[in-house]
Amino acid sequence: MLVLGIESSCDETGVALVGFEGQQAPRLLAQGLHTQIDMHKAYGGVVPELASRDHIRRVVPLVRQVMDDACCALQDVDVVAYTAGPGLAGALLVGAGMAQALAVALGKPVLPVHHLEGHLLSPFLSADPPSYPFVALLVSGGHTQLMRVDGVGRYELLGESIDDAAGEAFDKCAKLIGLDYPGGAALSRLAQQGRPDAYAFPRPLLHSGDLDFSFAGLKTSVATQVRKLGDALSDAQRADVAASTQAAIVEVLVRKSMSALRQTGLQRLVVAGGVGANAALRDQLNAACARLRARVHYPELHLCTDNGAMIALAAAMRLQAGHADAAPAGAFEVRPRWPLVAQV
Ligand code: KG4
Ligand code: ZN
């Protein structure tokens with residue numbers, strides 16, 4: 001069975017081909033990715049109209065490239081999957097339109113996929129895939145959630161951010177110290193030269209007793225500190241702010257993840273989403289999980305941020321699990337706002 005996956009929810013056009021037989025683990029056969037980061041940099045964030053137009057330019061060549069790399073013909077594809085939401089409406093419509101057009105032309109069914117389910121299941125493509133049940137820490141640019149996962153489509157929300165997501169906090173704080181959008185990875189590189197205890201930024205909701213997060217106050221606190229330091233920050237000051245910001249975000253994510261493991265009694269943690277690429281987060285989660293004698297699984301680094309592979313994989317895993325919502329091409333919709341847990 002061959003599943004073609006198309007991702008276009010935000011600022012990355014991703015296409016991938018995944019293959020599986022029966023209940024065997026799906027394999028990634030080929031993938032292509034185009035990131036729009038350079039294009040949006042000048043504006044300090046994603047410009048939705050530019051994003052949609054660029055997806056239109058990239059998606060057809062990427063589909064061709066992926067089919068060539070996999071040495072397969074489009075006619076061999078059994079199901080066309082695409083990200084139906086959440087994300088930018090115009091950007092989502094490009095992937096949806098491409099998937100529907102392909103499905104009509106090939107006479108094959110389409111399968112709409114939830115973007116966060118793609119992230120959530122992406123560690124199943126790693127060399128060390130998890131087994132169920134597990135706690136998932138989903139940390140993307142737009143979402144921070146802890147979930148109990150008992151199988152494909154069996155997700156229970158344990159807690160989530162009540163305001164900014166962790167990725168958003170990384171990006172906004174990075175901007176405050178003059179780093180380009182999206183600043184998460186750049187902030188974490190700069191943090192390597194700074195002191196994580198230079199500034200005592202708040203650890204919001206650390207002792208709230210629940211598994212919710214809040215990062216908006218942290219951003220305000222970083223903004224206040226940057227203002228206090230004056231107009232021209234030295235390199236050392238910027239590195240200290242970066243390291244202290246990262247320390248605050250990572251400590252909250254790690255402590256809440258450990259609380260989730262304790263509360264559920266589970267022994268496995270799965271980390272997914274762009275912030276899952278953060279080295280400090282990985283180091284501290286590894287150490288904390290070792291203390292709890294729990295295992296922790298990550299996606300391959302290149303599959304942490306948005307990509308088509310996770311969409312093709314999620315579709316393949318849904319098909320294998322019997323959630324066969326592949327439908328004939330035709331009526332298509334995108335869902336810019338779409339809670340993952342409510343879909344079950
Ligand atoms: O999952 P993702 O690609 O997009 C969404 O679905 O939102 O996540 C993107 C987010 C951005 O906020 C980006 O700054 C952050 O992931 N990110 C990182 C790192 N790499 C990406 N944050 C911290 N450290 C990193 N190394
Ligand atoms: Zn994403």
Side-chain angles (χ1 to χ4, degrees), residues 5-14 16 33-37 40-41 44-46 48 51 55 82-88 91-92 95 113-123 136-145 160-161 164-177 179-192 194 196 213 215 218-219 242-243 245-254 270-285 298-311 313-314 336-340:
I6 300 173
E7 154 65 30
S8 70
S9 66
C10 189
D11 55 356
E12 258 105 22
T13 322
L33 187 73
H34 175 80
T35 178
Q36 305 176 350
I37 284 176
H40 296 297
K41 234 177 215 169
V46 177
H55 286 308
Y82 67 96
T83 304
L88 302 169
L92 289 166
V113 172
H114 195 293
H115 180 81
L116 292 183
E117 187 168 41
H119 278 303
L120 184 70
L121 299 176
S122 61
L137 171 67
L138 202 59
V139 271
S140 68
H143 294 82
T144 300
Q145 297 184 330
E160 64 182 334
S161 180
D164 290 356
E168 209 173 341
F170 267 109
D171 294 344
K172 287 178 175 171
C173 294
K175 203 171 191 175
L176 289 170
I177 51 173
L179 299 172
D180 277 341
Y181 167 87
L187 185 143
S188 98
R189 274 193 300 277
L190 186 59
Q192 286 169 358
F213 302 88
F215 292 106
L218 170 66
K219 171 200 61 194
T245 303
Q246 177 173 265
I249 298 173
V250 167
E251 183 179 347
V252 176
L253 293 176
V254 172
V270 164
V271 184
V275 180
N278 186 273
L281 177 65
R282 288 188 175 214
D283 286 349
Q284 291 183 41
L285 281 176
Y298 305 94
E300 303 289 338
L301 267 182
H302 70 283
L303 295 182
C304 281
T305 42
D306 294 347
N307 61 83
M310 68 184 196
I311 301 307
L313 172 76
R337 289 176 178 273
W338 184 11
L340 176 58

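Just so we're clear, the structure is a prediction, and the values are computed from it rather than from any experiment. Read the numbers this way: they start at 1 and go in the same order the structure lists the ligands and their atoms. Index from 1, following the sequence.
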From CD1 (Ile311) to OG1 (Thr83), nearest 0.5 Å: 3.0 Å

May I ask you to identify the nearest protein heavy atom to atom 2 (P) of ligand 1, giving residue, atom name and distance to one decimal place in Å? Asp306 OD1, 3.5 Å

Where does Glu12 meet ligand 1, judged by heavy-atom distances below 4.0 Å: at the side chain, the backbone, both, or neither? neither

With Lys172 via side chain to side chain donor-acceptor pair (under 3.5 Å) - residues at least two apart: Asp164, Glu168

Gly142 heavy atoms, cut-off 4.0 Å: which ligand 1 atoms fall inside? 7 (O)

Does ligand 1 come near enough to Glu168 that some N or O of the ligand is less than 3.5 Å from an N or O of the residue? no

Give a yes or no on whether the backbone of Ala277 and the side-chain of Arg282 come within a donor-acceptor separation of less than 3.5 Å. no

Could you pull out the closest heavy-atom pair between Leu187 and Ala242, with the gap in Å? CD2-O, 3.5 Å

Test item: side-chain donor near acceptor, His115 and Glu7, under 3.5 Å: yes

Identify the closest protein heavy atom to atom 22 (N) of ligand 1: which residue and atom is it, and at what distance? Gly184 CA, 3.6 Å

Check: Gly141 N/O within less than 3.5 Å of ligand 1 N/O: yes

Determine the minimum heavy-atom distance between Ser188 and Asn278, stating which atoms define it. CB-ND2, 3.2 Å

Which atoms from ligand 1 have a heavy atom of Gly167 less than 4.0 Å away? 12 (O)

Under 3.5 Å, is there a donor-acceptor pair between the His55 and Thr13 side chains? yes

If you compare all heavy atoms of Val275 against all heavy atoms of Ser140, which two are closest, and at what distance to 0.1 Å? CG2-O, 4.3 Å

Over 60° means perpendicular and under 30° means parallel, so classify the ring planes of His40 and Tyr181, tilted if in between. perpendicular

Where the closest heavy atom to atom 20 (N) of ligand 1 is concerned, which of Gly274, Ala191, Ala165, Gly87 has it? Gly274

What protein N, O or S atoms come within a distance below 2.8 Å of the Zn ion (ligand 2), ordered by chain and number? His115 NE2, His119 NE2, Asp306 OD1

Students should be able to answer this: which protein heavy-atom is nearest to atom 24 (N) of ligand 1, and at what distance? Asn278 ND2, 3.0 Å

Over all heavy atoms of both residues, which pair between Leu253 and Ala166 is shortest? Give the atoms and the distance, please. CD1-CB, 4.1 Å

Per-atom filter on ligand 1: closer than 4.0 angstrom to a heavy atom of Asp171 are 11 (C), 12 (O), 13 (C), 14 (O)

Under the 3.5 angstrom rule, does the side chain of His114 hit a backbone N or O of Trp338 as a donor-acceptor pair? yes

Considering the heavy atoms of His115, write down every atom of ligand 1 situated less than 4.0 Å from one of them. 6 (O)

